Amino acid sequence: MSEERSLNFIEEIIEEDLKGGKYKSIITRFPPEPNGYLHIGHASSICLNFGLTKTYPGYTNLRFDDTNPVTEETEYVDSIKEDIKWLGFEWKNELYASDYFGELYQFAHKLIDKGLAYVDDSTSEDIAAMKGTPTEPGKNSPYRERTIEENKRLFEGMKNGEFPDGSKTLRAKIDMAHINMLMRDPILYRIKHAHHHRTGDDWCIYPMYDFAHGQSDSIENITHSICTMEFIPHRELYDWLIEKLEIFPSHQYEFARRNINYTVTSKRKLLQLVNEKYVEGWDDPRMPTISGLRRRGYTPESIRDFCDRIGIAKRDNIVDVGLLEFCAREHLNKVALRRMVVFDPIRITLTNYEGGGEQLQTENNPEDVNGGVRNISFGKHLFIERDDFMQNPPKKYFRLAPGQMVRLKSAYIIRCDEMVKDDAGNVTELLCTYFPESKSGSDTSGIHVKGTLHWVNADDSIEVVVREYDRLFRVEDPSSEEGDFKEYLNPGSLKLVTGHAEPSLKNAAVNDRFQFLRKGYYCLDKESPSDKMVFNRTVTLKDGWKK
RNA sequence: UGAGCUAUGGUGUAACGGUAGCACUACAGAUUUUGGUUCUGUCUGUUAAGGUUCGAAUCCUUAUAGCUCAACCA
């Protein structure tokens, strides 16, 4: 391994396992439940699991943890696969916990045969009541001592649909006084007469997480089963089941879930935002979902870079969304095509300009030597940003003001001579002179100006719609605030504005990335209508100008 | 108040008993036909108290704080 980069604790474990000869190669898995869309937190787990088998010999499976038919849908399966591929990873095998329902059923019988599982007729309330509390032991179920034969018969009956939902469960027989609540005779199987997105109506009993996850890991010979910290208490049960079942000893390792400020990443909360129409869907560009970030204009590279930078550790964290934005700018700066778009225009008339149809050349991307150039048309009537003019400028104002000169990007230097005002005294137009000898690339004017402005030709610019996104929430950690998290939504998270764009933007495609000069990074929305193009603002440019 | 996990600048993450480093942010300056980029520099940190040691962010003890565990969810 390279010496420069320090290893995270999971990589350290793997290196030791490899060095010590415990394994020759490793197998990891990414195990989403298909009950929602993947978000930035999942991206971290994906980069970890798939990244590990890029650095070390081995492979990574994609396994859907689909053991709860009532919340899971094929739509989610499809979106998850799309997101992983888009992020740039390939799984070795596409697998489903539901593939193992038959095997899992046999495992359950094995446990019953060993006297380590029993069928319980208690209601869920009774089971909860007998569970005890973290400080008090639980009580044994009255059904705990059924014979192996009776348990086998009843469990088979459960499988054959002889009993209604909720009437019986299969439980592991461990210890109702165990210090770890999860070891107090955990439920292994429950009855659900529900349609499953893959197995249809073949089954009416479904294994619980604890009786599916570790067993699936084992079946696939997963060497390193990586999950988040809240599963630490499950590890004891994970190991217990593997030991009693005498199957391949996969091992579970836990890392801290990554949190980001000004958003939420619980599937329950994201689902609420979608269902209650606070956003337009799972892929709303304000959502922290992979599909939202994609639609917003984030690149896979920038997301992978982000995951890399925040690393993997075991302590609680709230990562500043500013780092995600930095990663976006970092990549986009290298790849985005530069275009000029004026948002809030003020009209300029060049009083001494008489040319017509003049074409100027400008670079598509100064960061990319192979980026090429394009033509932009100059003319007598132009638009610049209203912000780029001030009637009474402060001392360090480099932009346009009465009597002041600026360069128009890739064009000429102009001087503001006169303001035209309406009856209310608002400036509606600026009358300027241009300096013909100051043309970009062949400037012999000898004039030096501090400011360079973006502009468009008023006579051929096209109008586009631009969606300016801001953070979804007003507070850093909506979940920790008093009351409903939705009270903390940012009412200004979406603003629609009109942009006056240079005509070349007509050719924009969905996967193109643009920098609108001096403004930010933008991309064409995937549902942009052809008659009025819609662009999403990914992130603004850093603004170093202190007023 | 049972048990478990975790504590390093504003944020994230390294340092594996031997110089507290990197990145983001912020702030200065240089460069710049984007107040962008790039480059240079600056500020800011080991939760606390004891102990072991020549030497502790690291090992031990205690305290404190945060998170997790009593779903027929995952």
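Not measured: the values here are computed from a predicted model. Chain identifiers are assigned alphabetically (A, B, ...) following the order of the sequence lines, protein sequences preceding nucleic acid strands; residue numbering begins at 1 within each chain.
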Inset, instruction - May I ask you to check whether A/Tyr298 and A/Phe306 place their ring centers less than 6.0 Å from one another? - result: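 Not under 6.0 Å, so no.
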
Legend entry - N/O donor-acceptor pair, side chain A/Arg518 with base B/G35, under 3.5 angstrom: no

Inset, instruction - Mark yes or no for a side-chain to base donor-acceptor pair under 3.5 Å between A/His234 and B/A74, with no hydrogen or angle criteria applied. - result: yes

Inset, instruction - Test A/Glu363 against every option in A/Arg374, A/Arg338, A/Lys409 by the salt bridge (Lys or Arg N to Asp or Glu O under 4.0 Å) rule and name the one that passes. - result: A/Lys409

Legend entry - More than 12 heavy atoms of other groups within 6.0 Å of A/Arg257 CZ: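 No.
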
Inset, instruction - Count the heavy atoms belonging to other residues, nucleotides or ligands that lie under 6.0 Å from NZ of A/Lys131, then report whether that count exceeds 12. - result: yes

Legend entry - Any residue of residues 312-321 of chain A with a heavy atom less than 4.0 Å from an atom of RNA chain B: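 Under 4.0 Å from RNA chain B: A/Ile312, A/Ala313, A/Lys314, A/Arg315, A/Asp316, A/Asn317, A/Ile318, A/Val319, A/Asp320.
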
Legend entry - A/Glu301 bridged to A/Lys334 by N-O distance under 4.0 Å: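 Not counted as a salt bridge, because no side-chain N and carboxylate O are separated by less than 4.0 Å.
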
Legend entry - Pairing of A/Arg63 and A/Asp99 as salt bridge, 4.0 angstrom limit: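 Not counted as a salt bridge, because no side-chain N and carboxylate O are separated by less than 4.0 Å.
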
Pull out every protein N or O sitting under 3.5 Å from an N or O of nucleotides 37-44 of chain B, one pair per line with the distance.
residue	atom	partner	partner atom	Å
B/U37	O2'	A/Asn333	ND2	3.2
B/U37	O2'	A/Glu367	OE1	3.2
B/U37	O2'	A/Glu367	OE2	3.2

Inset, instruction - To the nearest Å, give me how far apart CG (A/Asp66) and C1' (B/A74) are. - result: 12 Å

Inset, instruction - Write down the distance between CZ (A/Arg184) and P (B/C69), rounded to a whole number of angstrom. - result: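 Roughly 15 Å, once rounded to whole Å.
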
Inset, instruction - Check every strand shown and say whether A/His213 touches a base, only sugar-phosphate, or nothing at a heavy-atom separation below 4.0 Å. - result: nothing

Inset, instruction - Under 4.0 Å between any heavy atoms, over every strand shown, what does A/Phe398 touch: base, sugar-phosphate, or nothing? Just pick one. - result: base

Inset, instruction - Could you check A/Phe101 against A/Tyr206 for ring pair (Phe, Tyr, Trp, His ring centres under 6.0 Å), going step by step and ending with a plain yes or no? - result: CA-CA 8 Å; A/Phe101 281 170; A/Tyr206 291 92; 5.6 Å; yes

Legend entry - Nucleotide pairing, RNA chain B (Watson-Crick or G-U, distances under 3.5 Å), in dot-bracket with [ ] and |: .((((((..((((....[..)))).(((((.......)))))....(((((..]....))))))))))).....

Inset, instruction - Please tell me which of the listed nucleotides, B/G4, B/G35, B/C69, lies nearest to the side chain of A/Pro233? - result: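 Out of B/G4, B/G35, B/C69, the nucleotide with an atom closest to A/Pro233's side chain is B/C69.
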
